[in-house]
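Computation of the quantities below employed the complete heavy-atom set of this structure, encompassing side-chain atoms and omitting hydrogens, waters and symmetry-equivalent molecules.
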Amino acid sequence: MPSSRRFRGPRAWLLAALSAVLVATAAAGPARADTDADAGVAAVTFSDTFDGPAGSAVDSSKWQTETGDNVNNHERQYYTAGNRNAALDGQGHLVITARRENPANYQCWYGTCQYTSARLNTAGKFTAQYGHIEARIKVPRGQGMWPAFWMLGTPVNWPDSGEIDIMENVGFEPSTVHGTIHGPGYSGAGGIGAGYTLPGGQAFADAFHTFAIDWAPDSITWSVDGNVYQRRTPADLGGRSWVFNKPFFLILNLAVGGYWPGDPDGSTVFPQQMVVDHVTVTTADTPAGGAIRGLAGKCVDVAGANNANGTPVQLYDCNGTAAQRWAVGADGTIRALGKCLDVSGGNTADGTPVQLWDCNGTAAQRWTVTAARDIVNPQANKCLDVTGNNSANGTRLQIWSCTGAANQKWTVG
């Protein structure tokens, strides 16, 4: 069942403006911010921690501010330029503020807008294709509020170009966020996704939470605070086209009203704020990652190219398949097939096997690649190890006390 109960048609002149920007910048290729050329097989290709003086505008080398309304969703806000509705707070946050106001110069296509807010995107400045994409956000509260962290495919031709909603929240569901994909034949209310609900009646507006996707060829996995809640692949589309193996750009916005959230009512206190602590994209130098070679020149391999939880990770002849393409993230994860290299059960004992598992942010999935070519799990203070120093295809990998032996040495990339 699709989670989004909304209509989202083509974004009219906002999309036309974005398309023009993307066409104008296509010859130069996608921009990359904060690139670390020495990161090996993976790097933080985009990062914004929103440092700067209180009241200042966002970094224009990373973000552009859209202006206008969104008639197709029947939203009630006008997105403004400048820093009145989107500004840094001087404490390492971006604050997007929705205000109840309808000055005469903010005319919407269906009448006079009743609110102002902001929408920022990276179109023409940064695009991502695969990787770990996350933002730490504190959402607003109240009927009619609609904060979102999402992505659009390039060049924009919605819905055929695709949309990935990493996080959406509507005010009447204070404990739930939604992750959804939209494409040809499954757009708007027909989008494919799921919701994540906090336990114990907690509200997302009460604290910051980290919203993320892990995006690989033919796979997108959503998580909240490291807790995976859904994974989508072409098999979920019923034969319709998967349009997510190409570049997408990032969007942050706070909408007010619309078909899905409904309009604010007397219980909603303005101004309302969406506070963003950071946005980070960690991705591979090549879209699908690179090989990790070890004993006898063989590769770290996911058995059978099976991405089911618990699939063994083994040594095998290097063959260039997706089962041997690993992205080593700045967050300490090592990822293949949309999942993470994981120490079974979080155990720290010598001989504990490693496996593939949903990325969940635990210490069992944190690794350090050292200059000495060790791959170390810091929680256990043990090295990735080929069992029994056996170079035969299919030999299981494990963790073991670091010895400096050849069966613990790895070349990444």
Student: Do Asp385 and Asp350 make a side-chain contact, defined as non-hydrogen atoms from C-beta onward lying under 4.5 Å apart?
Tutor: no
Student: Report the C-alpha distance between Phe149 and Phe211 in whole Å, list the side-chain angles of each, state the deciding distance to 0.1 Å, and finish with yes or no for ring-ring contact (aromatic ring centres under 6.0 Å, His included).
Tutor: CA-CA 8 Å; Phe149 173 44; Phe211 307 99; 8.2 Å; no
Student: Just to verify, what does Arg240 make a side-chain hydrogen bond (donor to acceptor under 3.5 Å, both in side chains) with, not counting sequence neighbours?
Tutor: none
Student: Taking side-chain contact (heavy atoms from CB on, under 4.5 Å) as the definition, give me every residue that meets it alongside Cys402, ordered by chain and number, with sequence neighbours left out.
Tutor: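 By the side-chain contact (heavy atoms from CB on, under 4.5 Å) rule, Cys402 matches Val376, Cys383, Gln408.
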Student: In a check of side chain to side chain contact (heavy atoms under 4.5 Å, CB included) between Ile133 and each of Ile164, Val279, Val281, which one passes?
Tutor: Val281
Student: If you count heavy atoms of other groups shown closer than 6.0 angstrom to OH of Tyr196, is the number above 12?
Tutor: yes
Student: What verdict does the side-chain contact (heavy atoms from CB on, under 4.5 Å) test give for Lys339 and Arg231, after you've listed the backbone C-alpha separation in whole Å, the side-chain angles of each residue and the deciding distance to 0.1 Å?
Tutor: CA-CA 10 Å; Lys339 296 194 176 183; Arg231 179 174 178 269; 4.2 Å; yes
Student: With a 3.5 Å cut-off and no angle check, do the side chains of Thr233 and Ser219 form a donor-acceptor pair?
Tutor: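 Checked: Thr233/Ser219 side chains show no N/O donor-acceptor pair below 3.5 Å.
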Student: Enumerate the residue pairs fulfilling disulfide bond (SG atoms under 2.5 Å apart) with a member in residues 346-377, sequence neighbours excluded, ordered by first and then second residue.
Tutor: Cys340-Cys359
Student: What orientation do Phe46 and Phe126 show, parallel under 30°, tilted 30 to 60°, or perpendicular over 60°?
Tutor: tilted
Student: Between Gln398 and Thr387, is there a side-chain donor-acceptor contact under 3.5 Å, judged purely by atom types and distance?
Tutor: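 A donor-acceptor contact under 3.5 Å links the two side chains.
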Student: Evaluate Leu120 against Leu94 for side-chain contact (heavy atoms from CB on, under 4.5 Å), listing each step before the verdict.
Tutor: CA-CA 11 Å; Leu120 289 70; Leu94 163 66; 4.2 Å; yes
Student: Tell me if the aromatic rings of Trp150 and His182 count as close, with their centers under 6.0 Å from one another.
Tutor: no
Student: Identify which one of Tyr78, Trp146, Phe270 satisfies the ring-ring contact (aromatic ring centres under 6.0 Å, His included) criterion when paired with Tyr115.
Tutor: Phe270
Student: Tell me whether Asn381 at atom CG has more than 12 heavy atoms from other residues, nucleotides or ligands lying less than 6.0 Å away.
Tutor: no
Student: Between Glu75 and Asn73, do the side chains contain a donor N or O and an acceptor N or O under 3.5 Å apart?
Tutor: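 Short answer, yes.
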Student: Dump the intermediate steps for side-chain contact (heavy atoms from CB on, under 4.5 Å) on Arg141 and Asp206, then the final yes or no.
Tutor: CA-CA 9 Å; Arg141 74 176 75 237; Asp206 292 337; 2.8 Å; yes
Student: Under a 3.5 Å threshold, yes or no: a donor from one side chain and an acceptor from the other, between Thr116 and Glu101?
Tutor: yes
